[in-house]
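We name chains A, B, ... by the order of the sequence lines, and we start the count at 1 in each one.
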Protein chains: 2
Amino acid sequence: MSTAGSSAGSKSGPKKGTYAKGIAKREEILTTALEVFAVKGYRGASLREIASSVGLSQAGLLHHFSSKEELFAEVLRKRDEVDEHAHPDGGTVRGFDTLVDIVRHNADVPGLVQLYATISAEAADDDHPGHDYFVRRYATLIGAIEQHVRDEQEAGRIDPSLNPLQVARMAIAVADGMQVQWMLDGTADMAATLEYFFSMIRRGPAT
Amino acid sequence: MSTAGSSAGSKSGPKKGTYAKGIAKREEILTTALEVFAVKGYRGASLREIASSVGLSQAGLLHHFSSKEELFAEVLRKRDEVDEHAHPDGGTVRGFDTLVDIVRHNADVPGLVQLYATISAEAADDDHPGHDYFVRRYATLIGAIEQHVRDEQEAGRIDPSLNPLQVARMAIAVADGMQVQWMLDGTADMAATLEYFFSMIRRGPAT
DNA sequence: GTCTATACTCTGATAGAC
DNA sequence: GTCTATCAGAGTATAGAC
């Protein structure tokens, strides 16, 4: 958390010619650790395996991160940074299409899908290191979609009688639930089913 | 698997006055093991913890089940038995209401919800001891709901233009996905949202 | 910054006494 | 049927050399 602060980014330049390599190594570790966590989950991924994947000994890895828990927290934090950069909506989901795009892309990174499926279930425990992260993540996400539903209702593209919160919860639930079906049965198409859901609520029934 | 066969049930009576106690102990182990697996998942639950929860040593526990994997398989099998007894539809879901009832009841057994959420994610790995179980479980469940959707369409209660398989997948996805939201945020109402979903598809839009 | 070596804990499983 | 004792292995973490 402390060592490589946010201001040490690419443009502003490190204060000396020093530890640019250290930062690069740190980034490499985070990227590799994400992949291992993705496949094995938090509990299933060992420090030894992560370390050897990145070409370090286990002790060498723990030079950069003081504990497994801190490494994991940093992996999640970095993931959020990347997501935010890819979809710079200021925390808002720009539209259902954005969500479908994300889900469609997820089919290309099965490891990442399994990471979130595994971890979000593990993280239900209050004392799981990722608990607070997931609680916040879902609250933010559902709130954003709920607002988007309201906007679409005002624009006349969604039946105004539908409950925005319920629709938002359903949308996320479909996305999450389809991950499970897709992991167990490759013929399931996460993006297609989510798109089907959105097309359904856009039909605008009379009641 | 071998020791206490199915025919040794309550009424038919054990062949001798013997090992009724052994069977009872076995049942007690399965019940307790379910609870521990539910909270910790397969990998997170240790034999020692399960054993001590049921008042045995780890070696004592392994007298009844030859391995952790076998114990786990028996827990899942027993769970299916109980479910089948509670909903004797011969494998078919009698209707959406049945599914909503199950989901509503799940809110009373958070441990069980977490078991399935945790395990179904873990079980995405081909070599997980529960993999085949979950693949079969989902195939059966989705098939049954898909058929139910067809029946409802023929009865004129669901828009015939809707794709039965997509609806079935969405229904299960909503149920699964809401579990995650509910585990992370107690204010989420799994049954209510699932009911909302069914009420939505029953409205019968024109296309 | 990275290593080797080590300490300690916990895991699943087995052997054998009672 | 249940126990104690023990095993080999894997886990995280730390100490100290280089």
Please work out whether the ring planes of A:Tyr42 and A:Phe37 are parallel, tilted or perpendicular, with thresholds of 30° and 60°.
-> parallel

Of the listed nucleotides C:dT11, D:dT14, C:dT2, the one nearest the side chain of A:His64 = C:dT2

Please check the phosphate of C:dT2 (OP1 and OP2 only) for any side-chain N or O of A:Ser57 closer than 4.0 Å.
-> no

Which whole-number value in Å describes the distance from A:Phe65 CZ to D:dA13 P?
-> 14 Å

For B:Lys68 against B:Ala45, the heavy-atom pair lying closest together | NZ-O, 2.8 Å

Position toward the 5' end of DNA chain D (nearest nucleotide), A:Ala59 or A:Glu49 = A:Glu49

Rounded interatomic separation in angstrom, taking CZ from A:Arg43 and C1' from D:dG11 | 14 Å

Just how far, in rounded Å, is C1' of D:dA5 from CG of B:Leu62?
-> 15 Å

Picking from D:dA13, C:dA13, C:dG1, the nucleotide nearest the side-chain atoms of B:Lys68 would be C:dA13

Cationic N near anionic O, under 4.0 Å, B:Asp189 to A:Arg169 | no

State yes or no: are the ring centers of A:Phe134 and A:Tyr116 separated by less than 6.0 Å?
-> yes

What's the CD-C1' distance between A:Glu70 and D:dA13, to the nearest Å?
-> 14 Å

With respect to the phosphate group of C:dT11, does any side-chain polar atom (N or O) of B:Ser46 fall under 4.0 Å of OP1 or OP2?
-> yes

Report the distance from atom CG of B:Leu61 to atom P of D:dT4, rounded to the nearest whole Å.
-> 14 Å

Can you tell me how far P of D:dA13 sits from CD1 of A:Ile50, to the nearest Å?
-> 11 Å

Atom CZ of B:Arg26 and atom C1' of D:dG1 are separated, to the nearest Å, by 14 Å

Residue B:His63, side-chain heavy atoms: nucleotide from D:dT14, D:dT6, D:dT2 that is nearest = D:dT2

Knowing that exactly one of B:Val174, B:Thr98, B:Leu194, B:Asp176 qualifies, which makes a side chain to side chain contact (heavy atoms under 4.5 Å, CB included) with B:Val103?
-> B:Leu194

Separation of D:dA10 atom P from A:Lys40 atom NZ, nearest Å, is 12 Å

What does B:Ala45 touch in the nucleic acid at a heavy-atom separation under 4.0 angstrom: a base, only the sugar-phosphate, or nothing?
-> sugar-phosphate

